[in-house]
Amino acid sequence: MKAMILAAGRGERMRPLTDTCPKPLLKVAGEPLIGWHLRRLRAAGIVEIVINHAWLGAQIEAALGSGGAYGVNIRYSPEGETGLETAGGIATALPLLGSEPFLVVNGDVLTDIDFQTAFAAAETLRRQRKLAHLWLVPNPEHNPKGDFILQENGAVASADAAGEALTFSGMGVYHPDLFRNTPPRQAAKLAPLLREAMSAGLVSGEKHTGLWLDVGTAERLAEADKLAQGWVGGS
């Protein structure tokens, strides 16, 4: 199974830190933020990794290289300085990801989601001919209303459905067909694709109640640093 780490964000809310350092390389407990994902992916047995990048992307390639220091094999999908949004970035990287379901990891979070469960999620997508499986988390203070509705049967709805309103973690397993109508090299958002698939009953999900922190501000970067100091699960 392959995984893609989304690392193309500019990190506007983290400036001036991100003026000279790409957000994925900001240090959390002495480790680049993206390094925690690479370690956990390797521990889960996922070693074929695709990383997209935009702002200061050359620094990411220089720091991580082919991934040997983390025991993985990294290939890169450069997008230029402005980036292509999430769906555009994934669609552009599809030739590197192949024709089977793949895991996508949001590069600017700290989490203990068990990536090994992605294998079962991918098999379920193939068997049930669905397009996506999402990890959802309890709503943080900065997103109190949540993003999607997790229903009792495990289906995910965009709105107006019975169930629990939760926040999308940025982690999901996707079938390449989700992006079949998304042109490569063009900016496109992921949420409209997911909502369309949800309306057709093609998205499942699960609730993660463990560690999940959106490292979107300098304050949350400091919080992530404190959490990771004693976080043996990421090593």
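Atom set for the values below is all heavy atoms of this structure, side chains included, hydrogens, waters and symmetry mates excluded.
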#### Entry: Heavy-atom side-chain contact between F179 and L97 under 4.5 Å
no
### Query
Should L194 and L134 count as side-chain neighbours, where that means a heavy-atom distance under 4.5 Å?
yes
### Flag side-chain contact, heavy atom, 4.5 Å: I90 against L178
no
### Task
For the residue pair L125 and H133, establish whether any side-chain heavy-atom pair is separated by less than 4.5 Å.
yes
### Task
May I ask you to decide if the ring planes of Y174 and F102 are parallel, tilted or perpendicular, using 30° and 60° as cut-offs?
perpendicular
### Task
Kindly compute the distance separating CG (L110) from CG (L227), expressed to the nearest 0.5 Å.
6.5 Å
### Query
Measuring from M198:CE to K130:NZ, what's the distance to the nearest 0.5 Å?
11.5 Å
### Query
Do W36 and E31 come close enough that some side-chain heavy atom pair is under 4.5 Å?
yes
### Task
Go through the steps to decide whether F115 and V105 satisfy the test side chain to side chain contact (heavy atoms under 4.5 Å, CB included), and finish with yes or no.
CA-CA 9 Å; F115 293 139; V105 175; 4.0 Å; yes
### Message
Let me check something: do V109 and I60 share a hydrophobic cluster, defined by ILVMFWY side-chain heavy atoms less than 4.5 Å apart, either directly or through other members?
### Response
yes
### Query
Out of curiosity, E123 CD to M1 CE, how far, rounded to the nearest 0.5 Å?
10.5 Å
### Task
Report whether W55 and L84 are members of the same hydrophobic cluster (ILVMFWY, side-chain heavy atoms less than 4.5 Å apart, transitive linking).
no
### Rounded distance (nearest 0.5 Å) linking atom CG of L193 with atom CZ of R180
10.0 Å
### N106 and T86, any side-chain heavy atoms less than 4.5 Å apart
no
### Task
Please confirm whether the backbone N or O of R75 pairs with a side-chain atom of E48, one donor and one acceptor, at under 3.5 Å?
no
### S169 and T111, any side-chain heavy atoms less than 4.5 Å apart
no
#### Entry: Side chains of V215 and L26 in contact at under 4.5 Å (non-hydrogen atoms)
no
### Query
Checking side chain to side chain contact (heavy atoms under 4.5 Å, CB included) for the pair H142/T217: CA distance, chi angles, key distance, verdict?
CA-CA 11 Å; H142 59 273; T217 65; over 6 Å; no
### Task
Taking all heavy atoms of Q151 and all of A162, pick out the closest pair and write down the distance.
CG-O, 3.3 Å
### Query
Under a 4.5 Å side-chain heavy-atom rule over Ile, Leu, Val, Met, Phe, Trp and Tyr, are Y70 and L25 clustered together?
yes
### Single-linkage hydrophobic cluster, 4.5 Å side-chain cutoff, L64 and L96 together
no
### Message
Are V47 and V50 linked, directly or through intermediate hydrophobic residues, by side-chain heavy-atom contacts shorter than 4.5 Å (ILVMFWY only)?
### Response
no
### Message
For P183 versus N181, what's the shortest heavy-atom pair and its separation?
### Response
CD-O, 3.5 Å
## Note on the structure
All heavy atoms of S77 vs all of T92, minimum pair found to be OG-CG2, 4.0 Å
### Message
Taking atom CZ as the centre, does R129 end up with more than 12 heavy-atom neighbours from other residues, nucleotides or ligands that are less than 6.0 angstrom away?
### Response
no
### Side-chain donor or acceptor of R220 paired with backbone N/O of D214 under 3.5 Å
yes
### Task
Verify whether one side chain among H208 and D112 offers a donor that lies under 3.5 Å from an acceptor in the other.
yes
### Query
Under 6.0 Å from the CD atom of Q59, do we count more than 12 heavy atoms belonging to anything else shown?
yes
### From D108 atom CG to I5 atom CD1, the distance as rounded to the nearest 0.5 Å
11.5 Å
### Message
Minimum heavy-atom separation for G89 and N52, please, with both atom names.
### Response
CA-ND2, 4.3 Å
### Task
Identify which one of D147, T167, V156, I149 satisfies the side chain to side chain contact (heavy atoms under 4.5 Å, CB included) criterion when paired with L136.
V156
### Query
Between CD1 of I49 and OG of S66, what distance do you get to the nearest 0.5 Å?
12.5 Å
### Task
Kindly give the heavy-atom pair with the smallest separation between I34 and A7, and that separation in Å.
CD1-CB, 4.2 Å
